[in-house]
Amino acid sequence: MSAEEELGSTPAEVIEVVGKTGMHGEAMQVKCRIKEGENQGRIITRNCLGPVRVGDVLQLRETAREADSIGGQ
């Protein structure tokens with residue numbers, strides 16, 4: 001069992017940076033493709049803190065939740 005499996009995290013590759021979000025623009029909204037697990041291949045929208053660009057791999061604790069789209073639509 002790898003370290004990722006022990007922590008319950010799932011790798012997801014960033015395929016698009018949608019834009020900045022949050023009260024002060026401190027978070028980035030990204031679309032990412034789940035690379036492993038039961039949701040493999042699914043594309044979800046998530047908010048993340050810190051610098052991020054296309055091709056980065058995020059370790060997600062949860063793959064069932066999605067972020068609301070920017071603009072509330």
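Heavy-atom basis, side chains included; hydrogens, waters and symmetry copies ignored.
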For residues 11-26, which side-chain donor-acceptor pairs fall under 3.5 Å, sequence neighbours excluded?
unit_1, atom_1, unit_2, atom_2, d
E26, OE1, H24, N, 3.0

Do any side-chain atoms of residues 44-57 form donor-acceptor pairs under 3.5 angstrom with protein atoms, and if so which ones, sequence neighbours left out?
unit_1, atom_1, unit_2, atom_2, d
R46, NH1, E62, O, 2.5
N47, OD1, Q29, NE2, 3.1
D56, OD2, R53, N, 3.0

Which residues pass the salt bridge (charged side-chain N to carboxylate O under 4.0 Å, His left out) test with R33, sequence neighbours left out? none
